[in-house]
Amino acid sequence: MPKELVSSFSANLPFLWLSVHFDNALIGLFGLALTFTMRPVGILANAFEKVFYASYSEKVRQHQPLWRDTLRFTLALNAVVVPVVVVAFFFAEPLFTFLFGAKWVGTGYYVRCIIPWLVVLLNANSLAFVANIFSTQRIDFFFQIAQLLLRIAALWVGINQGNFRHAILLFCAVSTAVQLLQWGWYLLQLHRHDRRLPQ
């Protein structure tokens, strides 16, 4: 529960803090970009996590390897996701303008900031069950605390510069970096599990 509380507060920090210092129209552009990119990714990641949690838990109980299945899933997932996000990176602005109208011009910038974070988040959150299987939730919590502190620092820099775009860019950059480390931690635990199995 503490992890979820910190994660939720951390994710909503731009809306809570930046709205005090910047125009609501800018918050709206970022909010639209975040909603239409992260919501589908969250649904997919949660679905993957639930399926893998059940199957991987059983494999751990039976002392079966996990790394090969994980690698196969990761390659297949990114073979689909990466081309889609590359197209989205270059065509986000005209696409959002076409769908929502000229008043949403500028949303594309925030979509481009979010896209690297989105890819890493999908990969990492699909494996979030790893902390439960190997009882490493405490380290997972430390990742959330680190992410919160880095996000506070990122937004503080943008606020002090009076630059909303820079605040969001830094927020997304530190989020991507922490999620990348977390994903690496999940993969390392799965790899260690396989190395400990009898040969």
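Please read all numbers here as calculations on a predicted model, not as lab measurements.
- Tracing side-chain contacts under 4.5 Å through hydrophobic residues (I, L, V, M, F, W, Y), one never reaches F30 starting from V20; they form parts of separate clusters.
- The environment of F90 atom CZ is sparse: at most 12 non-hydrogen atoms of other residues, nucleotides or ligands sit within 6.0 angstrom.
- D194 places a side-chain N or O within donor-acceptor distance of the main-chain N or O of W67, the cut-off being under 3.5 Å.
- Here the side chains of V130 and I133 are not in contact, with every heavy-atom distance at 4.5 Å or above.
- The ring pair (Phe, Tyr, Trp, His ring centres under 6.0 Å) check on F164 picks up F22, Y110, with sequence neighbours excluded.
- Of all the heavy atoms in V178 and L150, the pair that sits closest is CG2-CD1, 3.7 Å.
- Checked by atom type, the side-chain pair T107/E93 shows no donor-acceptor distance below 3.5 Å.
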Could you please spell out the steps behind the side-chain contact (heavy atoms from CB on, under 4.5 Å) verdict for Q179 and N125?
-> CA-CA 9 Å; Q179 289 285 329; N125 282 9; 3.7 Å; yes

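- Two rings, from F143 and W183, have their centers 6.0 Å or more apart.
- L190 and V51 fall into different hydrophobic clusters, defined by Ile, Leu, Val, Met, Phe, Trp and Tyr side-chain heavy atoms under 4.5 Å apart, directly or through other members.
- Rounded to the nearest 0.5 angstrom, H166 NE2 and I168 CD1 are separated by 11.5 Å.
- Shown here are the ring pair (Phe, Tyr, Trp, His ring centres under 6.0 Å) partners of W156, two or more places apart in sequence or in another chain: there are none.
- Every residue two or more places apart in sequence or in another chain was checked for a side chain to side chain contact (heavy atoms under 4.5 Å, CB included) with V84, and none qualifies.
- In this structure, the separation between CZ on F134 and CG on L188 is 10.5 Å, given to the nearest 0.5 Å.
- T74 approaches N78 most closely through the heavy-atom pair O-ND2, 2.7 Å.
- A 4.5 Å side-chain heavy-atom check between S126 and F73 finds at least one atom pair inside the cut-off.
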From CA spacing to verdict: side-chain contact (heavy atoms from CB on, under 4.5 Å), T70, Y56 = CA-CA 10 Å; T70 305; Y56 275 46; 2.8 Å; yes

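- A distance of 4.5 Å separates CH2 of W117 from OG of S175, quoted to the nearest 0.5 Å.
- Counting heavy atoms from C-beta outward, L148 and L13 have side chains that approach closer than 4.5 Å.
- When side chains are defined from C-beta on, L18 counts as touching I27, because their heavy atoms get closer than 4.5 Å.
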Worked verdict on D140 versus Y186 for side-chain contact (heavy atoms from CB on, under 4.5 Å) = CA-CA 10 Å; D140 233 20; Y186 294 150; 2.8 Å; yes

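- Heavy atoms only, all atoms of each residue included: L16 and S19 are closest at O-OG, 3.6 Å.
- Linking ILVMFWY residues whenever their side-chain heavy atoms come closer than 4.5 Å, directly or via other members, leaves L122 and I43 in distinct clusters.
- I114 is not listed as a side-chain neighbour of Y109, based on a closest heavy-atom distance of 4.5 Å or more.
- For the atom pair CG of L155 and CG of N160, the computed distance is 11.0 Å after rounding to the nearest 0.5 Å.
- The CZ atom of F9 sits 11.0 Å away from the CZ atom of R151 when rounded to the nearest 0.5 Å.
- Between F36 and V111 the shortest side-chain heavy-atom distance does not fall below 4.5 Å.
- For G158 against A167, the heavy-atom pair with the smallest separation is CA-CB, 3.7 Å.
- The two atoms that bring H193 and Q64 nearest to each other are CE1-O, 2.9 Å, heavy atoms only.
- Hydrophobic clustering keeps V105 apart from L32 (ILVMFWY residues linked when any side-chain heavy atoms are closer than 4.5 Å, directly or through intermediates).
- What you find for N163 and R165 is that their closest heavy atoms are OD1-N, 3.2 Å.
- Separating the CZ atom in F171 from the SG atom in C113 is a distance of 11.5 Å, to the nearest 0.5 Å.
- V80 and L121 sit in two unconnected hydrophobic clusters of ILVMFWY residues. Membership requires side-chain heavy atoms under 4.5 Å apart, directly or through other members.
- Using a 4.5 Å heavy-atom cutoff, the side chains of L118 and M38 are in contact.
- Using a 4.5 Å heavy-atom cutoff, the side chains of N46 and E49 are in contact.
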Start with the C-alpha gap between Q144 and S7, add the side-chain angles, then the distance that decides, and say whether side-chain contact (heavy atoms from CB on, under 4.5 Å) holds.
-> CA-CA 6 Å; Q144 293 301 324; S7 178; 3.5 Å; yes

